[in-house]
J.: 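Please find one structure pasted underneath; my questions will follow.
Proteins come first, then strands; the chains are lettered A, B, ... in the order of their sequence lines, and each starts at number 1.
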There are 2 protein chains.
Amino acid sequence: MASRSTQILEAAARVIARRGVRGLRVEELAAEAGVSTGLIYYHFKDRTGILRHTLEFINDRAERYTSTQDPDAEPLTPREELDQVLLLELQDTPEVRENSSAWGELRASAVFDPVLREDLARATLVWVQEVAGLLGQVRPMAPAATLAASAERLTALLEGLSMRWLSGGLAIDHARTLLREAVEVELARLDRP
Amino acid sequence: MASRSTQILEAAARVIARRGVRGLRVEELAAEAGVSTGLIYYHFKDRTGILRHTLEFINDRAERYTSTQDPDAEPLTPREELDQVLLLELQDTPEVRENSSAWGELRASAVFDPVLREDLARATLVWVQEVAGLLGQVRPMAPAATLAASAERLTALLEGLSMRWLSGGLAIDHARTLLREAVEVELARLDRP
DNA sequence: TCCATTTGACTGAAAATCCGGTCAGTGCCA
DNA sequence: TGGCACTGACCGGATTTTCAGTCAAATGGA
């Protein structure tokens, strides 16, 4: 049972995925969420507030499908978990597509909207550190700075591949293959410093 | 002595870099160019006309810094040329920043606008093939498919890094370092198949 | 238990604002 | 004096934002 504001944020993610951040109309969002325009301002202050909260919401949601959810399942090796965390962002399911396309939009918007930058930078940092941590488990002898650099490359590559996938220039399977190879390539690098 | 319409296009490039394609306001453009709004419509018909001509203008300008310009300079080795082609897109000069912003905007817009996809896909393909060609000169024994995959990764990574740079989450020097290392990592991969 | 009071989520329409596009008119040069 | 480059006030449709008021649920006093 989603609360009203969650319901609005879910709708916002859908609208942003469909029309883009700059194509988001408050009235359309209200219709999509099945509420009045007034309620949106009641909960989120203004249009920017909608965007900020939606970014946060998308972020939280990404953690849900990114983290291993099933506690009964065989525990993953660090290497498997690494693949998991990265490849789960390249799936052609409505939820992931929605998240990726909203994320891409917010990233692009942040270029011109300082308000979004801080949240975006923080979320990116957390993500990079998560990946760096997993890399560190797979290659325990590698120095932290090198791990961080690899993590930055892998996540930035994933964003780039994701945009190409969503803008129709790259098949999802090929994107996944490229990313898997990139992980191998980076791990090979971490072997010999 | 720039003609009036060139003056408007230069201003448009600056405004797009600052506010994005969808953030471009005709009135702001007029102020930036130091002309009246009416004159803009006199020269370019409508907003779409402004955008079309500006994209063309930016495109023409990109060729200037992408191609090796100085014919007297020492000819570059393939490896140097490879670094060149990639790293030239990560410079903090107004011209490159403007072009990168516009490219990022275009990429992001294409997710929601099928009309742009074809042009974008074609331009991307040309770019990937150029990089694959240079990689092939540096590693003549590598198979074509492997070269292509490396080129796709490097260009996608560059796009990802570029977005992070422009959205303020990544210092340009660090972005350049990450990219340079990525080139090395990919070349190492091409050494041992 | 019953009803008066308060709270706060919610609505819808009005108001304010934004913005692309128009147009009557000005100055200038051939 | 005809026409071209140019101006800037203005228009109206689209969007955002505000706000007076409704309603249902919680509170609490007798």
Side-chain angles (χ1 to χ4, degrees), chain A residues 1-58 102 105-106 108-116 119, chain B residues 1-58 101-102 105-106 108-109 111-113 115-116:
Chain A
M1 173 231 61
S3 74
R4 219 61 156 153
S5 45
T6 303
Q7 181 180 333
I8 293 171
L9 292 176
E10 281 165 353
R14 287 196 298 278
V15 174
I16 288 176
R18 184 179 338 124
R19 306 254 185 250
V21 165
R22 290 166 181 121
L24 180 142
R25 295 286 99 89
V26 179
E27 208 175 336
E28 186 186 354
L29 169 55
E32 176 83 25
V35 302
S36 65
T37 58
L39 185 63
I40 289 169
Y41 286 92
Y42 177 77
H43 281 301
F44 302 109
K45 184 172 181 317
D46 57 18
R47 197 176 177 283
T48 301
I50 302 168
L51 298 180
R52 275 216 324 278
H53 282 88
T54 306
L55 171 57
E56 194 183 334
F57 172 78
I58 285 173
E105 265 296 279
L106 289 163
S109 299
V111 175
F112 309 105
D113 184 356
V115 174
L116 296 173
D119 289 318
Chain B
M1 172 231 60
S3 73
R4 221 54 158 165
S5 42
T6 303
Q7 181 180 335
I8 293 172
L9 292 177
E10 282 166 352
R14 286 195 300 278
V15 174
I16 287 176
R18 189 165 59 231
R19 305 258 186 250
V21 166
R22 279 140 135 175
L24 179 143
R25 297 286 96 91
V26 178
E27 207 175 335
E28 187 186 351
L29 170 55
E32 177 81 26
V35 302
S36 65
T37 60
L39 186 62
I40 289 170
Y41 289 94
Y42 177 78
H43 281 300
F44 300 108
K45 183 173 181 317
D46 57 17
R47 194 175 178 282
T48 302
I50 302 169
L51 262 29
R52 276 214 325 278
H53 281 90
T54 306
L55 258 26
E56 190 183 338
F57 175 78
I58 284 174
S101 294
E105 272 283 286
L106 211 56
S109 300
V111 175
F112 307 101
D113 184 357
V115 175
L116 295 173

J.: Taking only the side-chain heavy atoms of Ser36(B) (C-beta and beyond), determine which of dG8(D), dT16(D), dG21(C) contains the nearest atom.
T.: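 Shortest atom-to-atom distance from the side chain points to dG8(D).
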
J.: Given the rule in the side chain to side chain contact (heavy atoms under 4.5 Å, CB included) test, do Asp119(A) and Glu56(A) qualify, once you have shown the distances and angles that lead to the verdict?
T.: CA-CA 8 Å; Asp119(A) 289 318; Glu56(A) 194 183 334; over 6 Å; no

J.: By nearest atom, which of the nucleotides dT7(D), dT18(D), dT15(D) is closest to the Thr37(A) side chain?
T.: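 That would be dT18(D).
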
J.: Of Gly38(B) and Tyr41(B), whose closest DNA chain C nucleotide lies nearer the 5' terminus?
T.: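 Looking at the nearest nucleotide for each, Tyr41(B) comes out on the 5' side.
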
J.: In whole angstrom, give the distance that lies between atom CZ of Arg22(B) and atom P of dG20(C).
T.: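 Spelled out: CZ on Arg22(B) to P on dG20(C) is 14 Å.
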
J.: Report the C-alpha distance between Val26(A) and Tyr41(A) in whole Å, list the side-chain angles of each, state the deciding distance to 0.1 Å, and finish with yes or no for side chain to side chain contact (heavy atoms under 4.5 Å, CB included).
T.: CA-CA 9 Å; Val26(A) 179; Tyr41(A) 286 92; 3.4 Å; yes

J.: Could you tell me how far apart Gln7(B) (CD) and dC6(D) (C1') are, to the nearest whole angstrom?
T.: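 It is 12 Å, rounded to the nearest whole Å.
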
J.: Before accepting this row, confirm whether a basic side-chain N of the pair Glu32(B)/Arg19(B) lies closer than 4.0 Å to the acidic partner's carboxylate O.
T.: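 Judged by the 4.0 Å cut-off on N to carboxylate O distance, Glu32(B) and Arg19(B) do not form a salt bridge.
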
J.: Kindly point out which of dT16(D), dA13(C), dC10(C) is positioned nearest to the side chain of His43(A)?
T.: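 Ranking dT16(D), dA13(C), dC10(C) by closest atom to the His43(A) side chain puts dC10(C) first.
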
J.: Once you apply a heavy-atom cut-off of 4.0 Å, does Ile50(B) come out as touching a base, just sugar-phosphate, or nothing?
T.: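 Nothing: the residue Ile50(B), judged by heavy atoms under 4.0 Å, touches no strand.
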
J.: Whole angstroms only, please: what is the CD-C1' distance between Glu27(A) and dG12(C)?
T.: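 For the pair Glu27(A) CD and dG12(C) C1', the rounded distance is 11 Å.
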
J.: Check step by step if side chain to side chain contact (heavy atoms under 4.5 Å, CB included) holds for Arg14(B) and Glu10(B).
T.: CA-CA 6 Å; Arg14(B) 286 195 300 278; Glu10(B) 282 166 352; 4.1 Å; yes

J.: Of the candidate nucleotides dT7(D), dT16(D), dG20(C), which contains the atom at the shortest distance from the side chain of Arg47(A)?
T.: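 Nearest listed nucleotide: dT16(D).
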
J.: May I have the distance from Arg25(B) (atom CZ) to dT17(C) (atom P), rounded to whole angstrom?
T.: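 Those two atoms, CZ and P, are 17 Å apart.
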
J.: What closest approach, in Å, do Val21(B) and Glu105(B) show between heavy atoms, and which atom pair accounts for it?
T.: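 Nearest heavy atoms, Val21(B) then Glu105(B): N-OE1, 2.7 Å.
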
J.: Please classify the nucleic acid contact of Ile40(B) as base, sugar-phosphate, or nothing, using heavy-atom distances under 4.0 Å.
T.: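 Ile40(B): no heavy atom of the nucleic acid under 4.0 Å.
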
J.: Measure CG/Leu39(B) against C1'/dC28(C) and give the value in whole Å, please.
T.: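 Rounded to the whole Å, the gap is 15 Å.
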
J.: Where the side chain of Asp46(A) is defined as all heavy atoms beyond and including C-beta, which of dT17(D), dC10(C), dT22(C) is the nearest nucleotide?
T.: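 Closest nucleotide to the Asp46(A) side chain: dT17(D).
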
J.: Distance check needed: dC19(C) P versus Arg19(B) CZ, whole Å only.
T.: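 Whole-Å distance recorded here is 10 Å.
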
J.: If you check the Arg4(B) side chain, which of dT15(D), dC6(D), dC10(C) turns out closest?
T.: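 Shortest atom-to-atom distance from the side chain points to dC6(D).
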
J.: Grab the CG-P distance between Leu24(A) and dA14(D) for me, whole Å please.
T.: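 Taking atom P of dA14(D) as the reference, CG of Leu24(A) is at 18 Å.
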
J.: Quickly work out the Glu28(A) CD to dT16(D) P distance and round it to whole Å.
T.: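 To the nearest whole Å, that distance equals 10 Å.
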
